[in-house]
Amino acid sequence: MKNNENTNAPAHESLNFIELIIEEDIKNGKHNGHIHTRFPPEPNGYLHIGHATSICLNYGLAAKYNGLFNLRFDDTNPEAEDIEYVDSIRDDAQWLGAKWDDREFYASDYFDKMYELAKVLITEGKAYVDFSTAEEVAHLKGTPTQPGTPSKYRSTSPTENLALFERMRNGEFDQGQCVLRAKMDLSSPNMHLRDPIMYRIKKVHHHQTGDKWCIYPMYDYAHPISDSIEGITHSICTLEFEVHRPAYEWYLRELNMFPSRQIEFARRNLTYTIMSKRYLKRLVTEGHVKGWDDPRMPTVVGLRRRGYTANAIREFADRIGVAKRENVTDVGVLEFCVREDLNKIATRVMGVLEPIKVVITNYPEGKTEMVSVENNPEDETSGSREVPFSREIYIERDDFMENPPKKYFRLYPGGTVRLKSAYIITCDEVIKDAADNIVELRCSYIENSRSGADTSGLKVKGTIHWVSVAHAITAEVRLYDRLFTVEYPSNEDGDFVQYLNPNSLHTLTAYLEPSLQNAQLADRFQFIRKGYFCLDKDTTPNHLVFNQTVGLKDSWAKEVKK
RNA sequence: UGGUCCGUGGUGUAACUGGCAACACGUCUGAUUUUGGUUCAGAAGAGUCCAGGUUCGAAACCUGGCGGACCAACCA
């Protein structure tokens with residue numbers, strides 16, 4: 001090895017534990033160095049940010065090692081599943097940037113094969129039909145400290161079991177009357193090895209196979225077989241399946257199938273939100289949010305509507321990495337990732353969220369001039385546009401203070417400020433109503449201070465945004481805050497809904513520069529000095545609606561807090 | 001109290017498998033700035049759950065504790 005030019009660079013790129021396994025496998029020529037991963041969602045709910053990072057993980061690994069990635073719907077429980085979820089999951093996965101060509105599979109694609117393989121196990125005396133009730137099965141399994149005891153059906157002959165299983169399949173038994181069990185190890189300290197159920201009877205319609213089947217395989221049986229059939233080399237799942245791995249390996253070994261390897265990682269949690277499908281569903285059904293795609297939801301559809309980019313989510317997945325220990329990632333990291341992406345691509349526009357009117361007394365009445373505003377200082381190719389300026393404008397209410405604290409460099413009586421891309425103004429007079437509310441500011445402008453042609457020589461500390469009263473358009477703007485008031489709602493005592501943030505949605509009517517009239521759903525904007533926004537799908541031809549994706553970093557707000 | 005897995009700054013991951021702990025977010029300074037944004041420069045913050053042991057040398061290996069998560073659905 002020759003010495004590296006950059007001696008400070010690590011000798012090796014730092015790898016996560018799964019990459020370590022993969023590289024070891026490649027080095028050893030396992031599967032001829034081929035890598036094949038998959039994402040196996042059950043179509044019984046919408047994808048959330050946790051699923052998204054898992055997709056990034058699995059797809060990313062395949063892409064990195066020139067392998068393949070499959071999307072596979074784990075549809076073994078038709079009672080819980082629905083085609084609606086299949087469609088949304090596929091759409092979200094695609095949006096995230098995963099590619100699987102024609103390799104969109106369903107566990108149900110393999111029902112025939114699974115049925116045949118079950119018969120092989122029965123024939124070899126490794127599986128049996130058990131007519132015990134669910135309670136009996138549970139009871140006979142024993143406890144973690146006490147071994148299980150054999151059911152009286154455990155010794156039925158293979159021939160008889162074969163016939164029984166066929167009758168199960170033919171619908172001759174009632175739902176719940178019997179199950180097919182694998183003969184593993186009743187005395188194992190691992191409960192999942194105590195003759196786990198392979199098939200149960202469910203006389204229900206399946207969204208893919210219709211009414212073809214009335215018996216459906218359990219996860220423990222279906223998953224290794226699906227992986228194996230597809231030639232999945234690295235089957236990545238979450239930690240709670242760790243104890244299932246011996247069963248996973250048992251089936252593949254006993255059936256002599258392609259040895260897919262299961263690898264478990266710790267699911268990643270996020271502060272101030274919840275990830276459990278059950279809880280998410282409650283938020284929707286109980287009306288705490290407006291739907292699965294409510295911009296406050298951690299669902300992929302929610303994040304999309306909120307204005308998050310696939311880029312940002314991929315970057316997030318990358319940054320938080322993957323490991324086996326418990327973790328809670330600060331949402332701040334996610335927010336950092338969107339800001340980072342949006343900063344590069346968002347068009348800068350001006351919009352006043354909470355207005356206060358300013359009259360520029362020495363500016364000609366009825367005059368309108370167009371000032372040039374750059375679309376994005378981070379992108380020289382983005383150009384600029386013309387924005388109308390006139391005698392009466394709106395500025396942000398908190399850009400004015402009657403009695404400003406130290407270091408406040410916005411507008412105040414006698415103070416001077418630059419209007420972004422326009423003139424420098426001085427506040428001469430504060431107009432109040434009978435109730436002492438400030439209703440208007442009277443200012444004067446410096447005529448030769450216009451941006452780009454400033455010969456005034458004046459230096460001002462503050463620059464604020466504005467919008468011309470006569471030209472402003474109005475829009476509904478929805479500001480969002482964290483959905484919960486505590487960092488880890490599911491860890492708190494009591495029902496998680498009591499920790500919902502009552503102020504997670506704040507709706508207001510804003511005044512925006514006229515160019516926003518033509519905003520499209522795919523557009524990304526930065527409302528200067530405020531945050532990143534996108535058009536919401538609730539928009540109608542005469543009612544614009546904008547969502548705040550995330551606010552800008554606000555070091556003044558931090559300063560004020562001190 | 002049976003089994004499995006896990007314990008590294010506030011948070012998330014690293015440390016090339018034994019050579020006195022790095023990166024990112026966050027925090028704090030300062031500079032630049034017609035966005036209190038961006039960018040740039042810098043700082044503080046862990047001695048790796050604890051105690052022993054092996055070793056010239058341990059975050060890593062061994063032993064024993066402690067702490068946490070998961071497992072007894074005809075869910076996945």
Side-chain angles (χ1 to χ4, degrees), chain A residues 10-16 20 40-42 44 74 76-77 79-81 130 133-134 137-139 141-148 175-181 188-194 197-202 215-216 218-220 222-223 237-246 264 266 268 271 277 319-337 339-340 343-344 348 350 374 377-378 407-410 417-422 424 449 451-452 454 460-465 487 526-531 551-560:
Chain A
H12 296 283
E13 169 202 8
S14 120
L15 304 171
N16 65 50
L20 246 24
E42 182 186 16
N44 70 343
D74 206 355
T76 58
N77 183 7
E79 272 173 337
E81 297 152 10
D130 195 327
T133 64
V137 170
H139 182 71
K141 270 190 185 172
T143 69
T145 49
Q146 289 170 317
Q175 196 157 311
Q177 200 177 339
C178 58
V179 292
L180 183 72
R181 289 229 259 168
S188 169
N190 182 343
M191 298 297 289
H192 296 278
L193 260 31
R194 320 251 263 228
I197 292 169
M198 294 168 63
Y199 273 96
R200 75 289 216 194
I201 298 170
K202 274 185 193 289
I215 57 170
Y216 292 97
M218 297 283 289
Y219 171 88
D220 272 354
H223 211 83
C237 64
T238 44
L239 236 41
E240 66 268 28
F241 291 103
E242 201 145 31
V243 284
H244 296 243
R245 192 173 58 221
E264 311 85 10
R268 284 154 292 181
T271 54
K277 272 186 195 172
R319 274 173 188 266
I320 63 178
V322 57
K324 297 189 78 164
R325 73 174 103 125
E326 302 265 309
N327 62 81
V328 188
T329 300
D330 190 334
V331 261
V333 180
L334 217 209
E335 292 173 347
F336 171 84
C337 292
R339 287 197 190 99
E340 185 185 44
N343 177 50
K344 290 181 294 197
R348 270 57 172 180
M350 292 198 282
E374 51 188 350
E378 304 296 317
K407 291 203 267 184
Y408 182 86
F409 42 89
R410 274 113 100 149
V417 86
R418 156 82 62 186
L419 294 173
K420 174 75 182 173
S421 298
I424 293 173
S449 68
S451 289
D454 186 352
V460 290
K461 278 181 294 180
T463 298
I464 64 174
H465 59 282
E487 284 205 313
Q526 184 196 100
F527 288 10
I528 287 181
R529 304 207 305 130
K530 282 291 158 185
L552 251 31
K553 248 173 53 180
D554 189 349
S555 47
W556 172 244
K558 228 178 278 174
E559 186 68 33
V560 170

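Every chain is numbered from 1 and lettered A, B, ... according to where its sequence line falls, protein lines coming before strand lines.
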Regarding [X], tell me which of base, sugar-phosphate or nothing describes its non-hydrogen contacts under 4.0 Å with the strands shown.
X	value
Lys202(A)	sugar-phosphate
Gly462(A)	nothing
Val137(A)	nothing
Pro377(A)	base
Tyr216(A)	nothing
Thr133(A)	base
Asp220(A)	nothing
Phe527(A)	nothing

Rounded to whole Å, how long is the line connecting atom [atom1] of [X] with atom [atom2] of [N]?
X	N	atom1	atom2	result
Tyr199(A)	C75(B)	OH	P	14 Å
Leu552(A)	U33(B)	CG	C1'	14 Å
Glu264(A)	A76(B)	CD	C1'	15 Å
Leu419(A)	U35(B)	CG	C1'	13 Å
Leu20(A)	A60(B)	CG	P	18 Å
Arg529(A)	U33(B)	CZ	C1'	14 Å
Lys324(A)	C6(B)	NZ	P	5 Å
Glu326(A)	U11(B)	CD	C1'	15 Å

SB check Asp130(A) Arg200(A) (cutoff 4.0 Å)
no
Residues Arg348(A) and Glu374(A) bridged, charged N to O under 4.0 Å
no
Using the side-chain heavy atoms of [X], tell me which of these nucleotides is nearest: [options].
X	options	answer
Glu42(A)	U38(B), U17(B), A76(B)	A76(B)
Gln526(A)	A76(B), U35(B), G36(B)	U35(B)
Trp556(A)	G36(B), U35(B), C5(B)	G36(B)
Glu242(A)	U4(B), A76(B), G37(B)	U4(B)
Arg325(A)	C74(B), U35(B), U13(B)	U13(B)
Arg410(A)	G36(B), A76(B), G37(B)	G36(B)
Arg348(A)	C75(B), U35(B), U34(B)	U35(B)

Polar atoms only, N or O, under 3.5 Å: list the protein pairs with nucleotides 70-72 of chain B and their distances.
residue : atom : partner   : partner atom : Å
C71(B)  : O2'  : His192(A) : NE2          : 2.9

For Val322(A) and Gln175(A), find the nucleotide of RNA chain B closest to each by heavy atoms; which residue's nucleotide sits nearer the 5' end?
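The residue mapped nearer the 5' terminus is Val322(A).
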Given that Ala323(A) and Ser555(A) both sit by RNA chain B, which one's nearest nucleotide is further toward the 5' end?
Ala323(A)
Any side-chain heavy-atom pair from [X] and [Y] closer than 4.5 angstrom?
X	Y	value
Arg268(A)	Val322(A)	yes
Leu180(A)	Ile197(A)	no
Asp220(A)	His192(A)	yes

Spell out yes or no: do the side chain of Glu487(A) and the base of G10(B) have one donor N/O and one acceptor N/O closer than 3.5 Å?
no
Short N/O separations, protein against nucleotides 20-29 of chain B, under 3.5 angstrom:
residue : atom : partner   : partner atom : Å
A24(B)  : O2'  : Arg319(A) : NH1          : 2.4
U27(B)  : OP1  : Lys558(A) : NZ           : 2.7
U27(B)  : OP2  : Lys558(A) : NZ           : 3.4
U29(B)  : OP1  : Lys562(A) : NZ           : 3.0

Hey, does the side chain of [X] come within less than 4.0 Å of [N]'s phosphate (OP1/OP2), counting only N and O?
X	N	value
Arg200(A)	A73(B)	no
Thr76(A)	A76(B)	yes
Asn44(A)	A76(B)	no

How long is the span from the NZ atom in Lys141(A) to the NE2 atom in His139(A), to the nearest 0.5 Å?
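It comes to 13.5 Å.
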Atom CG of Leu419(A) and atom CD1 of Ile464(A): how far apart are they, to the nearest 0.5 Å?
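It comes to 5.5 Å.
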Lys553(A) to Arg339(A) - nearest heavy-atom pair and separation:
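Of all heavy-atom pairs spanning Lys553(A) and Arg339(A), the closest is N-NE, 3.8 Å.
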What closest approach, in Å, do Lys407(A) and Trp556(A) show between heavy atoms, and which atom pair accounts for it?
O-CZ3, 3.4 Å
Where does G10(B) fall, syn or anti, if syn means a chi angle no more than 90° from 0?
anti
Dot-bracket assigned to RNA chain B with the 3.5 Å Watson-Crick/G-U criterion, [ ] for crossing and | for other-strand pairs, is .((((((..((((.....[..)))).(((((.......))))).....(((((..]....))))))))))).....
